[in-house]
Every structure is written in C-alpha cells, then in structure tokens.
Amino acid sequence: MIPFTKTPLAVKIGTVMLGIALLSACGGDSDNDGGNDGGSSARTLSFEGVEAPASDLEKRQVLAASSATINGQSYDIGYHTLLRSGDSVNNNVVFGQLVDQVGQTLYDGDGYPQITDSNEHTSLLPIGDRLFSVSQMETAPGAMFLIELDQNKKNGLLTPKQLWQIDQSDVNGGWTHCAASVTPWNTHLASEEYEPDAASPGSADRMASYFGGDTSVINPYWWGWNIEVKVNAEGDADPSTDLTKHYAMGRLAFELSYVMPDEKTVYMSDDGTNVGFYMFIADTAGDLSAGTLYAAKWNQTSGAGLGSADLEWISLGHASDDDIAPYLEGAGALTFDDIFTTGTATGDTCADGFTAIKANGGDLECLKVNDGMEQAASRMEARRYAAMQGATTEFRKEEGITFDPKGNHLYVAMSDVGSGMLDNGSRDLASANHIRLEEANSCGGVYQLAMGSDADIGSDFVATNMHGLIAGIPTDQYGEDSPYASYTCDKDGIASPDNITFITGYNTLMIGEDTGSGHQNDVVWALDLAKVSAEDQTAGLTRIQTTPYGSESTSLYWYPNINGFGYLMSVIQHPYGENDSSDTAPKDRIPDGSLDHRAYTGYVGPFPAMDQ
C-alpha cells in the first residue's frame, strides 16, 4: 500500500472538516486487498473519533473523524461536500430544484422557486472511464439529479463536473424518495416512502403541482414502488438515464431495497407503524422485473430487550412488471374498491368472509379480496395483503438494511421500537399479536439476521432468525445545565438508527442516526462487532461524524474501491429543519438569506481501496 502523506489542507468549518489526505502516487494494491497480505493476518480498522458537540459553535458544524487506522497504517480523512441545496454546476440546473412533468420550475405561493433541502441519498456509479452519482430528494413531487464527478487520480478527491435534472415523467414523477442502494450490476435502486393510502381520497394530492394543479389525473397507485435508474454514457457524450418502476416487487413505504450477492434475493424495509418486512426472489439474476414476493412472520423466541424470533416466509405469489402495469393506467386502472370489499368491525372481530388486520398505521380494517384480484392485491396493496395472509405487520420504523458476506449476516435498523411491537399494545390485534416485546425503546436498535439456504424458496440468502444486536439507551440523566440537557438517549449510545452500511472484511457496521430529541445533533457511528456487548450497549462504538442542529444523517453507503479509493457517502438533510428550528437559524428560502439550512451532499474519506 502506498501511504497517504501527512499534508492536510486547512480546516473549513461546516463544509470540509479536518484533513484532506494526499497520495504520493495513484493508490491501491495490484490485488486490491486493501493492504492486507493476502488474507494471512486479520484486517483492522479504527477511527480517531469526535466528541459529542457541546458548544453552540460545535452544534452548528459538520464534525468528522480526522483519521482512520487501517491494518496498522494511519490515513488522513475528513468530510467533503460535493454539493449543497441551491448549487449549480456549469449550467442552469439548480441542485434541489423541483419541476413539473414537462420540466418547468415549480414555485411556491410567494413566487420563489421550490428548492428542497431534503437531499436524501446519493450513489456512486462508475460507467466506463467516467464516474456518476444519482442523487434523490425526499419530497413529493420527488426529484432526482445526475452528477458527473471528477476523481483526482492522486488523492481520490471528488468534485462535481456537470449536473443534470433527471426526467421522471415516464414513471409519473417521483414520490418521497428515501434511501437507495446500488445493485450488483451497477444501477441505482431508488425508493418511494410512505405510499399514498389508496383507501383515503386525496392521499396523493401533494402531487397536484407536478400535473399543473389537476388532481383529477392522479392515481395514488402510481407511487410507492422501487425505481431502478440505469445510467448510460458513451464516450464523452452527455449521459442518459432509464427509469423503471418495478411493480413485481410490491408497493410499500420503501425505506430501502437491498440486493444480495446472488443478484436475485432482495430484502425490502417498510417504514412506518404496523409495517412488514419483505423478501423478493427474482426469476432471473440481475433482472428485477419478475419474481415471487414474500413477507416475514415473526415467531418469537424472546421478548426481552429488542426481542428475537425465528422467521417464517409467507409467499404473496408471483408477478411481473407487465402483469401489474395494466392495473395502473387507462381503462384498466384499479381503485381500492376494485381490489377489496370492506366490512364493518365489531370490536376486533369481522363478519364471516372478512379478515381483520391492523396495518397502514394500525387502524382495524375488515377486508375481503374481490374475485380475481389476488395478484393485484399482492403488489398494489402488499402490506394489507401480507397481513391477510398471516404475515407480521407489527414492526415500527423499519429503516436501513446491509449485509456482511463474510459473517453471512443481514442487518436491519429500526429507529423506534414500540407500538405494535409491544405485547398487547394499542396497535395490536388479538388474533395476530406476533411481536410481544416487554418494553418499548424510543432510542431504537439494530437487528442481526442469520442467513440460510432454502431450496423451496430458491435462495441461499434466506433470513432464518433475527435478534437485537445493539440498542439505544433511554435516559434522563442530563441536568438542565448540561450541553446534553435535551437528550433522551445516552450520548455515547445510538439514537434512532436509520441508514446503515457494512465495511466488508473489517467487521465494522456503520450506523447513521435520524433522531429528534434522542440526540440534539445526529451521529454517524462505527461499530466494531468484535466488541459488541450485551451488558454494555456503548461498547465498540466510535462517533465518526456529527451533523448541525435539526438535521438528519442520510445516504450512509460504503464503496470499498472506486479506482483505488474507498468512500463513505454521507448526506446531511435539512439542517435546522427539525428540533431547534425556531431559535438556532432562520429557515430562509434558497438562495436568499442565511444559507446555513442548505443540505450537504458529500462523503467521508477518501480511504485507500479496502475491497477484498
């Protein structure tokens, strides 16, 4: 390994924090093993972490680890901003600008351009000799941007080279794009979170501005899907993008869909209250257009702490994109009442022929699938249909997913453990009280799931059980004079874990927070799994990044080797937008006034190549 030199550039508060590592030559071993000696010795990774922000100045900054020690060698790293909301790159496209279906700028009621600070996820996609990023916004109407990046061959630093707005009109626009992942075949797999409830009139009216204000053309079933984005780039020509909504994978409040190494098995998290956990098995590797959808049933083995369970996978049937597409458009478009007949409940009991469920937030529903509508129900109303088939829809705030191929474990974050996850809670249905935890944990936790082979399902990556790995620690220990007086979770533990990613080969789980009162400033943690302790829920944690007041850590995603360098992508969404919004910074419009609230899209690094 050619080491980084110790020549950091000057600190810049809030944009590039701490040292920028330089290489004396183009980095990376010829065998791309991250500096290891062919695997004969254990790989190690540690960070020079940061303290929890205590002063007002610290709470307004982006703080990040100054160095990482990899296999005994120290490297300078830092946080580097690629773009902030309202930025442009060599053209008239504004990063974060919302547009309508014909690409015209949307304006608010006072005539200001609608430029969002809800940057959510940005990917890295090497295409030929060029490097691109797809960046998506958590808004409705949604927005996506394509960024071409320049990668410095000597030090790995990334800078924006060009910026394009991605046209989403072929998929009826985008809706609340949350987390994303990169498929093994190098496409961006986007999400649409908190899908409109088709049983509630007007649930999708937020999209009216995309269609020129005409709500009559809106179909709530247009949104709540996975969107695969393929970037095409030939030579030096302008790139293009192909967008595909994968109806075969079902319609949910997608936080994230994660494709396993077999390129067929996909795990999908469903964000909200009384939601499920899902697995999709594609018919063909590298093709998500057809397959079988499954929903998990939690067969509890312990209710202590975060709980543990054996998992049973309930089939919701097979479908293709082409099977479902006709139900969404034109004369064949289905409504909720086309799919279901709704009955009246007496207490927790439904009339004969109807199934009692609590999903979509937990209100009791009595439903019957209409004749011939089973396949439509399984995809367009996947959560309701899963509940009707006996799957578990009691999970709360299901968030990020990642995988450790060496340990053969899947990890799933839940930012809040409560509601239907409690034993006989108000969100439970007496006939389906699957998750029976002894107590709630508003600080959330991360679950570990073991993988196994299942010949009937046709996958070597079927989760067989899950248990709590690490939990936040609720607390009221901080006095009113403490800089942590507002904390409801221990400052040295996790609070509302959201996006997670795994540094393969180094036994390290990265955890990003989305918390309000848990921690005043959200944190990105490195968790050394070798140090995890049931007795000490802070063991193994190193705080490697903190965000300004009122912001959320998003887009946490690890890239072990892009042309000899590793990157930990990290986006900071809506600074001053949640807690502390009233007294720390004005919420001025972009690009007017104070710009403190503009979102940051960037990365921690660069690291040397760390793939296996």
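Values in this document were obtained by computation on a predicted structure and should not be read as measured data.
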(request) Would you check if the side chain of T301 reaches a backbone N or O of S308 as a donor-acceptor pair within less than 3.5 Å? (result) yes
(request) Without swapping roles, check the side chain of T393 against the backbone of K358 for a donor-acceptor pair under 3.5 Å. (result) yes
(message) So which atom in G390 and which in H434 form the shortest heavy-atom distance, rounded to 0.1 Å?
(response) O-CE1, 3.3 Å
(message) I want to check something: taking the side chain as every heavy atom from C-beta on, are C350 and K368 in contact at a cut-off of under 4.5 Å?
(response) no
(request) May I ask you to test the P548-I572 pair for a side-chain heavy-atom distance under 4.5 Å? (result) yes
(message) Once rounded to the nearest 0.5 Å, what's the spacing between atom CD1 of I511 and atom CD1 of I470?
(response) 5.5 Å
(request) Without swapping roles, check the side chain of D490 against the backbone of T475 for a donor-acceptor pair under 3.5 Å. (result) no
(request) Using a 4.5 Å cut-off on heavy atoms from C-beta on, say whether the side chain of L293 contacts that of S378. (result) no
(request) Measure the acute angle between the ring planes of H121 and Y557, then classify it against the limits of 30° and 60° as parallel, tilted or perpendicular. (result) perpendicular
(message) I need the single residue from D514, D498, D271 that forms a salt bridge (charged side-chain N to carboxylate O under 4.0 Å, His left out) with K397. Which is it?
(response) D271
(request) Let me see the working for D338 and N370 under side-chain hydrogen bond (donor to acceptor under 3.5 Å, both in side chains), right down to the final yes or no. (result) CA-CA 7 Å; D338 291 327; N370 294 331; over 6 Å; no
(message) Test your reading of the model: is there a side-chain donor-acceptor pair from S415 to the backbone of G444, 3.5 Å cut-off?
(response) no
(request) For W175 and E192, work out which heavy atoms get closest and say how close. (result) N-OE2, 3.0 Å
(message) Restricting to non-hydrogen atoms, name the atom on T342 and the atom on F354 that form the minimum distance, rounded to 0.1 Å.
(response) C-CE2, 3.8 Å
(request) Tell me, with the steps shown, if F403 and F461 meet side-chain contact (heavy atoms from CB on, under 4.5 Å). (result) CA-CA 10 Å; F403 179 60; F461 296 97; 3.8 Å; yes
(message) Can you tell me how far apart CD (E513) and CD (Q545) are? Round to the nearest 0.5 Å.
(response) 11.0 Å
(message) For a quick test of reading the model, state the closest non-hydrogen atom pair linking I494 to G445 and the distance between them.
(response) CD1-CA, 4.1 Å
(request) Apply side-chain contact (heavy atoms from CB on, under 4.5 Å) to the pair M510 and I503, showing each step before the final yes or no. (result) CA-CA 7 Å; M510 309 301 296; I503 300 186; 3.7 Å; yes
(request) Could you go through the side-chain contact (heavy atoms from CB on, under 4.5 Å) check for N499 and E255 one step at a time? (result) CA-CA 9 Å; N499 299 148; E255 170 76 21; 3.3 Å; yes
(request) Decide, yes or no, whether a salt bridge links D197 with R383 under the criterion of side-chain N to carboxylate O below 4.0 Å. (result) no
(message) To check you understand the geometry: which heavy-atom pair defines the closest contact between A290 and S320, and what is its length?
(response) CB-CB, 3.7 Å
(request) Quick one: do H574 and E138 satisfy side-chain hydrogen bond (donor to acceptor under 3.5 Å, both in side chains)? Show the steps, please. (result) CA-CA 10 Å; H574 55 63; E138 195 173 11; over 6 Å; no
(message) Working note: H177 + E120, criterion side-chain contact (heavy atoms from CB on, under 4.5 Å); need CA distance, chi angles, decisive distance, verdict.
(response) CA-CA 7 Å; H177 302 305; E120 171 62 39; 5.7 Å; no
(message) Pair H318, D323 - check side-chain hydrogen bond (donor to acceptor under 3.5 Å, both in side chains), show working.
(response) CA-CA 10 Å; H318 183 276; D323 289 334; 4.9 Å; no
(request) Measure centre to centre between the rings of W558 and F502, then say whether the value is under 6.0 Å. (result) no
(message) Could you check whether any side-chain N or O of T546 sits under 3.5 Å from a backbone N or O of N521, counting only pairs where one atom can act as donor and the other as acceptor?
(response) no
(message) Working to the nearest 0.5 angstrom, can you tell me the gap between T488 OG1 and Q520 CD?
(response) 11.5 Å
(message) Using side-chain heavy atoms (C-beta onward) and a distance below 4.5 Å, is T501 in contact with L568?
(response) yes
(message) I'd like to check W223 versus K245 (side-chain heavy atoms, cut-off strictly below 4.5 Å). Are they in contact?
(response) yes
(request) Take the angle between the ring planes of Y549 and Y576 and call it parallel below 30°, perpendicular above 60°, tilted in between. (result) tilted
(message) What's the separation between atom OG in S302 and atom CZ in R436, rounded to the nearest 0.5 Å?
(response) 10.5 Å
(request) First locate atom CG of L306, then atom CG of N441, and finally report the distance between them rounded to the nearest 0.5 Å. (result) 6.5 Å
(message) I want to check something: taking the side chain as every heavy atom from C-beta on, are V446 and L527 in contact at a cut-off of under 4.5 Å?
(response) no
(request) Let me know which of L410, V266, V462 forms a side chain to side chain contact (heavy atoms under 4.5 Å, CB included) with M260. (result) L410
(request) Check the angle between the aromatic planes of Y484 and Y478 and answer parallel, tilted or perpendicular using the 30° and 60° thresholds. (result) perpendicular
(message) Determine whether a donor-acceptor pair (N or O, by modelled atom type, separation under 3.5 Å) exists between the side chain of D270 and the backbone of F277.
(response) no
(message) I'd like to know if the side chain of T508 and the backbone of Y506 have a donor-acceptor N/O pair within less than 3.5 Å.
(response) yes
(message) So, taking the atom named CZ in R384 and the one named CD1 in I339, what distance separates them when rounded to the nearest 0.5 Å?
(response) 9.5 Å
(message) Could you check whether atom CD of E374 has more than 12 heavy atoms from other residues, nucleotides or ligands sitting under 6.0 Å from it?
(response) yes
(message) If you compare all heavy atoms of T335 against all heavy atoms of Y221, which two are closest, and at what distance to 0.1 Å?
(response) C-CE1, 3.9 Å
(message) Donor-acceptor check, side chain of S181 to backbone of S257, threshold 3.5 angstrom: yes or no?
(response) yes
(message) With a 4.5 Å cut-off on side-chain heavy atoms, are Q573 and N119 touching?
(response) no
(request) From the options I314, I281, L316, L311, select the one residue that forms a side chain to side chain contact (heavy atoms under 4.5 Å, CB included) with Y294. (result) I281
(request) Please confirm whether Y247 and Y327 have ring centers closer than 6.0 angstrom. (result) no
(message) Is it the case that the side chain of S191 and the backbone of E193 share a donor-acceptor pair, with hydrogens and angles ignored and the cut-off at 3.5 Å?
(response) no
(request) Please confirm whether the backbone N or O of N507 pairs with a side-chain atom of K406, one donor and one acceptor, at under 3.5 Å? (result) no
(request) Answer whether the closest heavy-atom distance between the side chains of M279 and T265 falls below 4.5 Å. (result) yes
